[in-house]
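Notes follow the structure.
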Amino acid sequence: MGSARSEGGPERDQDPAGALGWDDGLYEGRDAGVETGRAKVPGQRGAGDAQGADGEGEAEPEDPDEQPGRDSGTPGPVAVPEQPGPPDGESGPGRRRPEAGEEQDAPDEAPAEAAEAPPRKPKRRKRRILAWTAAGLALTLVAAGTAGWFYYQHLNDNLDRKPLHIGKSRAPEPTPNAAGQTPLNILLIGSDARDSEENQRLGGARETYGGPPLADVQMLLHLSADRSNMSVISMPRDTLLKIPECTDPESGKVYPATVGTRMTNQTLMRGGPGCTVATWEELTGIRIDHFMMVDFAGVVSMADAIGGVPVCVDANLHSRTSDGKGSGLKLKKGTTEIKGEDALAWLRTRYGFGDGSDIARAKAQHMYMNSLVRKLRENTGLSSPNKLRNLAEEATEALTVDEELASVAELYALAEELKKVAPNRTTMATMPWVWSPSDRNRVEPKPDDAEQLFRLVREDIALDGRDGDSPSPSPSEDETSEDPAADPAEIAVLVRNSTGSSVAAPVSGRATDLVKLLTEAGFTGATADQNQVENREETAILYPSAELEGDAQSVAEALGMPLGTVRKSAEVSGVTLEIGADWAEGDTFPKPKKGDNEPPDSAEALNGSDDTACMEVDPAFTW
């Protein structure tokens, strides 16, 4: 698959339905009296019957295949002995010819008295039955395979396809890590289109029926190059941005770049989701590989197919204002499993959550998405082939995707990639924002904090704070290795002077200084690397394999370095201390700058393993 560059796609004959992982969860939203939110899931194909459209219980399974016939044990035809005269008026002498597959008892010239011998059982009848059974089974398998191929094509045909990018320029491709892997960035879009009776019923705001759709939910999903972690960044739909020039791929109409700022949800009406992708790339500098878009009806159908997802509120909630605005969601205090239209209402709820802003709604969407990911990863409630098939059907009908992602095989391969990330390495965040000085009802990206968050994604640094500045080495867990360290005198440590930069040469003699420091700590095997090495911003201790992790951590402890600076890397052959520009002088390891490798507090990051999160309910919306 093009998106999962380093991992590849599934085998053609592999059944994706059984490997449902991850999804997705996407959403949507709109502010025409009622709010929207979206949950989407990467698609997958399955076999079996489906759960009912309303999600209430499982449909009756299809009748099982007929069992192959079995030999009843009844004797077959018996050879008739030669008679002295024609039987019952039939003319002509003789003996009955053996049945096909039946063994003849005696040759034609056998004497008549041989007819008195007892009849013999037909030896070939069972073989004949087995042969027909095998042939029938083969035909059944061929027919099933043909039907499976047609169903696979049917699922592919369900998918709606749109161009990925319709702007004038692209963000640069990411730099591969040491293993040649690159990250995967997918933009999840929730459309508030009222383009069908069902979407109109679910979305309300009848005056907007048939109007241009808005991208009321936008989430950037970033899967790290080594597939160890995943980050999701939401952008508030009320964010004011400059929208770049976009060209409608169907009509050819050119939408010029906006002179001032516009709400980000308007990007969808300027040529389609490809304009939303172009706007994100221009704002963040992050190259986007795919998009997935879903509407109101799609959220409901997939939420029903998936089944209940637990969410929590800290008080009884009813999202309804005195003049009839709100999603109408009504929940009791505590945890409730929601699906179908209740799931859509949760994702759209603004009135009743926190301060009633789109920011609070994003938090609720993150909570639902985290819970959804945990459920899909555990396959809770999705062990039945019927439910998997129903989910595959609903997902492919609900999704609009870019042309490169528009096949069940690609969606399945994407799901397999996403399944590799554990919930505790998944982080949900909101783009840092400030109220816009030009419109107090709208927001703008917070200059420093938003750029810091985007930089972490561009440099493939995990938002859970467990990565360093360099995306090349794989991070070590911030815990003591189970591998015991050798005696310091037996540990060979190569020390590299990487204190230089693009504008300054390395500090002279720095590697020798650290070798001396290590020798005094008992690491008598430490030596300075005299070769030219690449510059580093931050100091790190690298090791090539698990059996040297304990040794590397022992070096870190001796130098007063945190375990987070110890990293596994294929670029080294032994324990290697790379001195970065942050430790250009002195014998004491400097404290890292707070927040350099972590999302700012304003991003309100939520870890995917947090199942205790609970939405704060506005007292004005309790019952």
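Along the sequence shown, residues carry numbers from 1.
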Legend entry - Derivation of the side chain to side chain contact (heavy atoms under 4.5 Å, CB included) call for Ile233 and His222: CA-CA 8 Å; Ile233 299 175; His222 172 83; over 6 Å; no

Inset, instruction - May I have the step-by-step check of side chain to side chain contact (heavy atoms under 4.5 Å, CB included) for Glu404 and Glu410, ending in yes or no? - result: CA-CA 8 Å; Glu404 188 178 345; Glu410 296 295 329; 5.6 Å; no

Inset, instruction - List the steps, then state whether side chain to side chain contact (heavy atoms under 4.5 Å, CB included) holds for Leu223 with Val421. - result: CA-CA 8 Å; Leu223 183 61; Val421 181; 3.3 Å; yes

Legend entry - Residue pair Leu347, Val217: steps toward the side chain to side chain contact (heavy atoms under 4.5 Å, CB included) verdict: CA-CA 10 Å; Leu347 297 168; Val217 171; over 6 Å; no

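By the 6.0 Å contact criterion, CG on Asp355 is enclosed, its count of non-hydrogen atoms from other residues, nucleotides or ligands being greater than 12.
Using modelled atom types, one finds a donor on one side chain and an acceptor on the other under 3.5 Å when comparing His154 with Glu393. Donor-acceptor pairing under 3.5 Å is recorded for the side chains of Asp449 and Ser602. Defined by atom type and a distance below 3.5 Å, a donor-acceptor pair is missing between the side-chain atoms of Glu444 and Trp433.
For Glu282, the side chain to side chain contact (heavy atoms under 4.5 Å, CB included) partners are Pro244, not counting sequence neighbours. Every residue two or more places apart in sequence or in another chain that forms a side chain to side chain contact (heavy atoms under 4.5 Å, CB included) with Glu337 is listed here: Pro310.
Taking every heavy atom of both residues into account, Trp280 and Leu220 meet most closely at CZ3-CB, 3.5 Å. Taking each heavy atom of Ser234 and His366 in turn, the nearest pair found is OG-NE2, 2.6 Å. Of all heavy-atom pairs spanning Ile338 and Ala343, the tightest one is CD1-CA, 3.8 Å. Closest heavy-atom contact between Val408 and Asn156: N-OD1, 2.6 Å. Closest of all the heavy-atom pairs between Pro236 and Ile359 is CG-CD1, 3.4 Å. Here the closest heavy-atom approach between residue Leu606 and residue Asp610 is recorded as CD1-OD2, 3.5 Å.
With salt bridges taken as basic N to acidic carboxylate O contacts below 4.0 Å, one links Asp464 and Arg425. Ionic pairing of Glu403 and Lys162 is not present here: no N-O contact between side-chain nitrogen and carboxylate oxygen is shorter than 4.0 angstrom. Checked for salt-bridge contact, Glu451 and Arg458 meet the test: a charged N lies under 4.0 Å from a carboxylate O.
Atoms NZ and CG, on Lys420 and Asn229 in that order, are 13.5 Å from each other to the nearest 0.5 Å. Leu240 contributes atom CG, which lies 10.5 Å from atom CZ of Arg262 (distance to the nearest 0.5 angstrom).
The shortest side-chain heavy-atom distance between Leu399 and Leu159 falls under the 4.5 Å cut-off. With contacts defined as side-chain heavy-atom distances shorter than 4.5 Å, the pair Asp157/Thr396 does not qualify. A 4.5 Å side-chain heavy-atom check between Lys363 and Met615 finds at least one atom pair inside the cut-off. Side-chain contact between Leu241 and Leu283 is present, with at least one heavy-atom pair separated by less than 4.5 Å. For the pair Phe291 and Leu164, the minimum side-chain heavy-atom distance is below 4.5 Å. Inter-residue side-chain proximity for Asp238 and Asn441 is flagged as unmet; no heavy-atom pair is nearer than 4.5 Å. In this structure, the side chains of Val311 and Ser371 stay at 4.5 Å or more apart for every pair of heavy atoms. At a threshold of 4.5 Å between non-hydrogen side-chain atoms, the residues Ile166 and Val277 do not count as touching.
In this structure, Asn607 contributes its side chain and Asn424 its backbone to a donor-acceptor pair below 3.5 Å. Put simply, the side chain of Glu604 never gets that close to the backbone of Asp601: no donor and acceptor are under 3.5 Å apart. Without hydrogens or angle criteria, Arg287 side chain to Pro174 main chain gives no donor-acceptor distance under 3.5 Å. Judged purely by atom type and a 3.5 angstrom limit, Asp289 uses its side chain to pair as donor or acceptor with the backbone of Asn185. With hydrogens and angles ignored, the 3.5 Å screen pairs a side-chain donor or acceptor of Asn316 with a backbone N or O of Lys333. Without hydrogens or angle criteria, Arg320 side chain to Gly326 main chain gives a donor-acceptor distance under 3.5 Å. The closest donor-acceptor contact from the side chain of Arg348 to the backbone of Ser327 lies at 3.5 Å or more, if one exists at all. Judged by distance alone, with hydrogens and angles left aside, the side-chain atoms of Ser436 form no donor-acceptor pair with the main-chain N or O of Arg440 at under 3.5 Å.
Aromatic pair Trp346/Phe353: ring centres closer than 6.0 Å.
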Report, one line per pair, each donor and acceptor closer than 3.5 Å where one atom sits in a side chain of residues 266-276; sequence neighbours left out.
from: Thr267; atom 1: OG1; to: Thr264; atom 2: O; distance (Å): 2.9
from: Thr267; atom 1: OG1; to: Thr276; atom 2: OG1; distance (Å): 2.8
from: Arg270; atom 1: NH2; to: Pro256; atom 2: O; distance (Å): 2.4

